[in-house]
A.B. asks: 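Have a look at the structure that comes next, please.
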Amino acid sequence: MDRGAATGSLSAPVRLAIPAILLDSPIITLKIIDLGDSRAWETPKNVVGHIPETASPGEIGNVYLFGHLQSPVKGEGSVFRNLVEIPKLLRQGQKVYLIVYNEEDTAYLYQVSNTSVVYKDDFALESSSEAIVILVT
C-alpha cells in the first residue's frame, strides 16, 4: 500500500468534498496574523482553511483543514456545520469519505476512521508517518 508522497512534493489543497454530509467547499491557504504579543492563524470565513506548513493531499503527514461549525455573530460562516453528523454515520456502519483536490485538480480519497473532541488548550499540530487529513473546528 502506498503511504503517500514526500511532504512538500505535491501542490496545495484547493477543494474539500464530503458527500455523506453534503459538504463541498473551496480551501484557502491560511496566513499568520500578528496579535501584538502573540501570533495566530487567520480564521477562514465561509470556506475551509489549510495551514501551509502541514502536508498537502497525497503527501505523508497530516493535512490540517480548519473551518467553523457555526459563527453567526462574527459572520465567519458555518462550512463545517454538518460535521457533527459523521460520528452518527460511523456508528451506523456507514463509510464516510473525504475527497481533497489539489491545484492540478487531482482528487485524493480519504476514509474517515475516527472522530474526537480535543479542547482548545490541548490542541497542537502533530506529525504523522502516514497520509492523514485532520479537520479542525
Side-chain angles (χ1 to χ4, degrees):
M1 178 170 122
D2 183 12
R3 294 250 182 234
T7 302
S9 64
L10 299 175
S11 66
V14 296
R15 192 171 120 225
L16 170 66
I18 308 175
I21 60 169
L22 305 176
L23 185 145
D24 194 333
S25 172
I27 298 172
I28 63 165
T29 299
L30 297 179
K31 297 175 180 70
I32 294 178
I33 54 174
D34 187 352
L35 302 174
D37 59 348
S38 66
R39 295 169 26 162
W41 292 102
E42 72 178 326
T43 302
K45 293 180 173 43
N46 298 304
V47 296
V48 175
H50 172 246
I51 294 183
E53 288 77 13
T54 67
S56 289
E59 293 180 346
I60 294 171
N62 293 333
V63 179
Y64 277 92
L65 301 177
F66 287 72
H68 287 286
L69 280 176
Q70 57 180 286
S71 183
V73 175
K74 293 184 177 183
E76 294 167 335
S78 55
V79 69
F80 280 170
R81 68 186 159 278
N82 292 334
L83 278 186
V84 297
E85 297 298 318
I86 292 177
K88 179 175 74 173
L89 295 172
L90 293 175
R91 281 192 304 275
Q92 294 171 348
Q94 183 172 336
K95 292 184 179 181
V96 178
Y97 296 97
L98 312 177
I99 307 162
V100 186
Y101 298 85
N102 70 6
E103 292 170 340
E104 287 80 31
D105 205 33
T106 303
Y108 293 89
L109 182 68
Y110 295 84
Q111 183 175 346
V112 176
S113 60
N114 64 62
T115 65
S116 63
V117 174
V118 177
Y119 295 97
K120 181 180 174 181
D121 293 341
D122 297 330
F123 177 78
L125 296 179
E126 298 176 354
S127 60
S128 174
S129 60
E130 298 183 60
I132 295 174
V133 173
I134 297 178
L135 304 179
V136 181
T137 185

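All heavy atoms count here, side chains included; hydrogens, waters and symmetry mates do not. Fair warning: this is a prediction, and the values are worked out from it, not measured in the lab.
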A.B. asks: Show the nearest heavy-atom pair for residues G49 and I27, with the distance to one decimal.
C.D. replies: C-CG2, 4.3 Å
A.B. asks: Tell me whether I86 shares a hydrophobic cluster with L22, the cluster being built from Ile, Leu, Val, Met, Phe, Trp, Tyr side chains joined at under 4.5 Å.
C.D. replies: no
A.B. asks: Is there a continuous path of hydrophobic side-chain contacts, each under 4.5 Å between heavy atoms, that joins F80 to V112?
C.D. replies: yes
A.B. asks: Is Q111 reaching over with its side chain to a backbone N or O of K95, donor-acceptor style, under 3.5 angstrom?
C.D. replies: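 Such a contact is absent between Q111 side chain and K95 backbone.
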A.B. asks: Step by step, work out the side-chain contact (heavy atoms from CB on, under 4.5 Å) result for L135 and V48.
C.D. replies: CA-CA 9 Å; L135 304 179; V48 175; 5.8 Å; no
A.B. asks: Within a strict 4.5 Å, meaning less than it, do heavy atoms of the P19 and I99 side chains meet?
C.D. replies: yes
A.B. asks: V14 and F66: same hydrophobic cluster, using ILVMFWY side-chain contacts below 4.5 Å?
C.D. replies: no
A.B. asks: Indicate the atoms forming the closest heavy-atom contact of V79 with G67, along with that distance.
C.D. replies: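 What the structure gives for the nearest pair is CG1-CA, 3.8 Å.
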A.B. asks: Less than 4.5 Å apart, any side-chain heavy atom of V96 and any of L90?
C.D. replies: yes
A.B. asks: What is the distance from atom CG of L65 to atom NE2 of H50, rounded to the nearest 0.5 Å?
C.D. replies: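 L65 atom CG to H50 atom NE2 measures 6.0 Å (nearest 0.5 Å).
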A.B. asks: If we only count heavy atoms from C-beta on, is the T106 to L10 side-chain gap below 4.5 Å?
C.D. replies: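 Sidechains of L10 and T106: no contact.
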A.B. asks: Please confirm whether the backbone N or O of P13 pairs with a side-chain atom of S56, one donor and one acceptor, at under 3.5 Å?
C.D. replies: no
A.B. asks: Given 3.5 Å as the limit, does a donor-acceptor pair link the side chain of N62 with the main chain of Y64, or not?
C.D. replies: no
A.B. asks: Do you reckon L69 sits in the same ILVMFWY cluster as L16, going by side-chain contacts under 4.5 Å, direct or chained?
C.D. replies: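 Per the 4.5 Å side-chain linkage, L69 and L16 are co-clustered.
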A.B. asks: To the closest 0.5 Å, what do you measure between CD1 (I134) and CD (E126)?
C.D. replies: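 Taking CD1 in I134 and CD in E126, the distance rounds to 6.5 Å.
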A.B. asks: To the nearest 0.5 Å, tell me how far I60 CD1 sits from S129 OG.
C.D. replies: 7.5 Å
A.B. asks: Can you tell if the side chain of S116 reaches within under 4.5 Å of the side chain of V118, non-hydrogen atoms only?
C.D. replies: yes
A.B. asks: For a quick test of reading the model, state the closest non-hydrogen atom pair linking E130 to S128 and the distance between them.
C.D. replies: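 Closest pair (atom of E130, atom of S128, distance): N-OG, 3.0 Å.
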A.B. asks: List the atom of S11, the atom of P57, and the distance in Å for their closest heavy-atom pair.
C.D. replies: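 Closest pair (atom of S11, atom of P57, distance): O-CD, 3.8 Å.
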A.B. asks: Answer with yes or no whether the hydrophobic clustering places L83 together with Y97; edges join I, L, V, M, F, W, Y residues whose side-chain heavy atoms lie under 4.5 Å apart.
C.D. replies: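 Looking at the clustering, Y97 is in a separate group from L83.
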A.B. asks: Quick check against the 3.5 Å criterion: does E42 have a side-chain atom that pairs as donor or acceptor with the backbone of I33?
C.D. replies: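 Not confirmed, E42 side chain does not pair with I33 backbone.
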A.B. asks: Does the side chain of I32 come within less than 4.5 Å of W41's, by heavy atoms?
C.D. replies: yes
A.B. asks: Answer yes or no: is there a side-chain heavy-atom contact under 4.5 Å between I21 and L89?
C.D. replies: yes
A.B. asks: Do you know the tightest heavy-atom contact between P44 and H68?
C.D. replies: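 Smallest heavy-atom distance, with atoms named: O-CD2, 3.3 Å.
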A.B. asks: For V117, which fellow cluster members are found when Ile, Leu, Val, Met, Phe, Trp and Tyr are connected by side-chain heavy-atom distances below 4.5 angstrom, either directly or through intermediates?
C.D. replies: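 Taking Ile, Leu, Val, Met, Phe, Trp and Tyr as members, V117 shares its hydrophobic cluster with Y119.
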A.B. asks: Okay, side chain of Y108, backbone of L98: is any donor-acceptor separation there less than 3.5 Å?
C.D. replies: no
